Trainee: 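Following this message is one structure expressed as structure tokens.
Just so we're clear, the structure is a prediction, and the values are computed from it rather than from any experiment.
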Amino acid sequence: MRSDLPHGLALWRPLLLAGALVLATLSPRAWDVERMAQAAQRLGPQAVQGVQALHPVLTSLAEADDTARLDGVNRFFNRRIAFAEDTQVWRVDDHWASPLETLQKGAGDCEDYAIAKYFSLLALGMPASQLRLVYVRLQLGGPGGASQPHMVLAYYAHASAEPLILDNLVGEMRPASRRPDLTPVFSFNSEGLWQGNGSQRMGDPVARLSRWREVLLKARAEGFL
């Protein structure tokens with residue numbers, strides 16, 4: 001992650017669409033099953049397989065409480081996606097992948113985990129106001145050690161609640177007070193951009209973060225919004 005963030009598929013079609021029609025009847029959802037399946041076909045076989053694995057998870061969590069939804073989505077992506085830098089996956093210094101792009105590659109960096117979890121939770125109907133992607137400084141080797149840029153997803157049960165952290169480096173979801181190794185720099189979601197993880201607004205994230213604007217468009221095209 002960079003530190004300068006501010007500045008043969010036709011064969012799958014019958015199976016995918018049949019699965020989409022079955023899943024569409026199971027429970028209320030915010031995601032578009034058919035659009036997601038079609039987007040996966042365009043990306044490749046690993047995206048198709050990823051969607052086939054993701055749909056049952058989302059369906060099983062559709063009526064669950066927030067804790068179960070957070071845990072289920074966090075576990076799914078932490079287990080399915082291998083960590084790799086953008087230079088390895090995309091051959092560029094910095095790329096923010098959409099959820100299906102990440103599933104197609106089977107690998108991603110910290111932003112990609114956080115983005116995939118964020119949009120999957122939105123797809124389950126969780127309000128954007130309860131979720132923030134948080135750019136942090138990650139302390140390495142204890143106090144006084146080196147630090148590096150990192151991104152996590154934070155969940156707020158209500159506006160003044162202590163956030164719960166979903167991280168690809170630590171499998172267990174923990175309250176922010178139990179993650180002293182993380183120092184928030186700025187946070188954002190579909191609705192705003194903030195200093196640290198507080199209430200001081202820094203403007204419109206869509207206007208200020210071009211990669212975020214691109215990811216929003218891709219996630220919408222993939223049926224997550």
Trainee: Do any N or O atoms from the side chain of Q139 and from the backbone of D181 form a donor-acceptor pair under 3.5 angstrom?
Mentor: no
Trainee: Within the distance-only criterion (no hydrogens, no angle test), does the side chain of Q46 pair as donor or acceptor with the backbone N or O of G106 below 3.5 angstrom?
Mentor: no
Trainee: Measuring from atom CG of N78 to atom CE of M173, what distance do you get when rounded to the nearest 0.5 angstrom?
Mentor: 10.5 Å
Trainee: Indicate if L131 and W212 have the same hydrophobic cluster label, given that clusters are the connected sets of ILVMFWY residues with side-chain heavy-atom separations under 4.5 angstrom.
Mentor: yes
Trainee: Do E111 side-chain atoms and W96 backbone N/O form a donor-acceptor pair below 3.5 Å?
Mentor: no
Trainee: Would you call L164 and T67 a side-chain contact if the rule is heavy atoms closer than 4.5 Å?
Mentor: no
Trainee: In terms of hydrophobic clusters joined by side-chain contacts under 4.5 Å, are V51 and F76 together?
Mentor: yes
Trainee: Output the distance between atom CD (Q52) and atom CG (L54), rounded to the nearest 0.5 Å.
Mentor: 11.0 Å
Trainee: Of the non-hydrogen atoms in N168 and K117, which two are nearest, and what is the gap between them?
Mentor: N-NZ, 3.9 Å
Trainee: Using the side chain to side chain donor-acceptor pair (under 3.5 Å) rule, collect all pairs that involve residues 187-201, keeping only residues at least two apart or in two chains.
Mentor: Y118-S190, R132-S187
Trainee: Closest approach of R42 and A221, non-hydrogen atoms and distance?
Mentor: NH2-O, 4.3 Å
Trainee: For the side chain of Q88 and the backbone of E85, is there at least one donor-acceptor N/O pair under 3.5 Å apart?
Mentor: yes
Trainee: Atom NE2 in H95, atom OG in S98: separation rounded to 0.5 Å?
Mentor: 7.0 Å
Trainee: Checking side-chain contact (heavy atoms from CB on, under 4.5 Å) for the pair V170/R179: CA distance, chi angles, key distance, verdict?
Mentor: CA-CA 10 Å; V170 178; R179 293 300 306 273; 3.6 Å; yes
Trainee: Would L43 and L225 show up in the same hydrophobic cluster when neighbours are defined by side-chain heavy atoms closer than 4.5 Å?
Mentor: yes
Trainee: Between Q130 and L121, is there a side-chain heavy-atom distance shorter than 4.5 Å?
Mentor: no
Trainee: Just by modelled atom types, is the A39 backbone N or O under 3.5 Å from a matching donor or acceptor in the E222 side chain?
Mentor: no
Trainee: Apply the test side-chain contact (heavy atoms from CB on, under 4.5 Å) to residues Q49 and R80: give CA-CA distance (whole Å), side-chain angles for both, the deciding distance (0.1 Å), then the verdict.
Mentor: CA-CA 11 Å; Q49 293 168 10; R80 191 168 189 92; 4.1 Å; yes
Trainee: Is there a side-chain contact (heavy atoms from CB on, under 4.5 Å) between M36 and H55 once you walk through the steps?
Mentor: CA-CA 9 Å; M36 195 178 289; H55 277 323; 3.4 Å; yes
Trainee: Look up atom CZ in R208 and atom CG in D204, then write down how far apart they are to the nearest 0.5 Å.
Mentor: 9.5 Å
Trainee: Quick one: pull up CG in L182 and OG in S147 and give me the separation to the nearest 0.5 Å.
Mentor: 11.0 Å
Trainee: Is a salt bridge present between R69 and D65, judged by a nitrogen-to-oxygen distance below 4.0 Å?
Mentor: no
Trainee: Nearest heavy-atom pair of L166 and L70: which atoms, and what distance?
Mentor: CD2-O, 3.9 Å
Trainee: Is there a side-chain contact between T87 and V92 in this structure, where contact means two heavy atoms from C-beta onward sitting under 4.5 Å apart?
Mentor: no
Trainee: Establish whether I165 and Y156 are linked, either directly or via other cluster members, by ILVMFWY side-chain heavy-atom contacts under 4.5 Å.
Mentor: no
Trainee: Does the ring center of Y113 lie less than 6.0 Å from the ring center of F77?
Mentor: no
Trainee: Can you tell me how far apart CZ (R174) and CD (E162) are? Round to the nearest 0.5 Å.
Mentor: 13.0 Å
Trainee: Could you check K218 against F224 for side-chain contact (heavy atoms from CB on, under 4.5 Å), going step by step and ending with a plain yes or no?
Mentor: CA-CA 9 Å; K218 289 187 288 188; F224 284 86; over 6 Å; no
Trainee: Please say which of V152, I115, L209 ends up in a side chain to side chain contact (heavy atoms under 4.5 Å, CB included) with L133.
Mentor: I115
Trainee: P184 and V136: which non-hydrogen atoms are nearest, and at how many Å?
Mentor: CA-CG1, 3.9 Å
Trainee: Taking the side chain as every heavy atom from C-beta outward, state whether M151 and V134 have any pair of such atoms under 4.5 Å apart.
Mentor: no
Trainee: Do you reckon L193 sits in the same ILVMFWY cluster as F119, going by side-chain contacts under 4.5 Å, direct or chained?
Mentor: yes
Trainee: If every non-hydrogen atom of P205 is compared with every non-hydrogen atom of F188, which pair is closest and at what distance?
Mentor: CB-CB, 4.1 Å
Trainee: Looking at D112 and T102, would you say the former's side chain and the latter's main chain have a donor-acceptor pair under 3.5 Å?
Mentor: no
Trainee: Locate the shortest heavy-atom distance separating F83 from C110; write the atom from each residue and the value.
Mentor: CE1-N, 3.7 Å
Trainee: What I want to find out is whether E172 reaches R178 closely enough, with some N-O distance under 4.0 Å, to be called a salt bridge.
Mentor: yes
Trainee: Kindly write out the residues that satisfy side-chain contact (heavy atoms from CB on, under 4.5 Å) with L169, not counting sequence neighbours, or none if the list is empty.
Mentor: L138, H150, D167
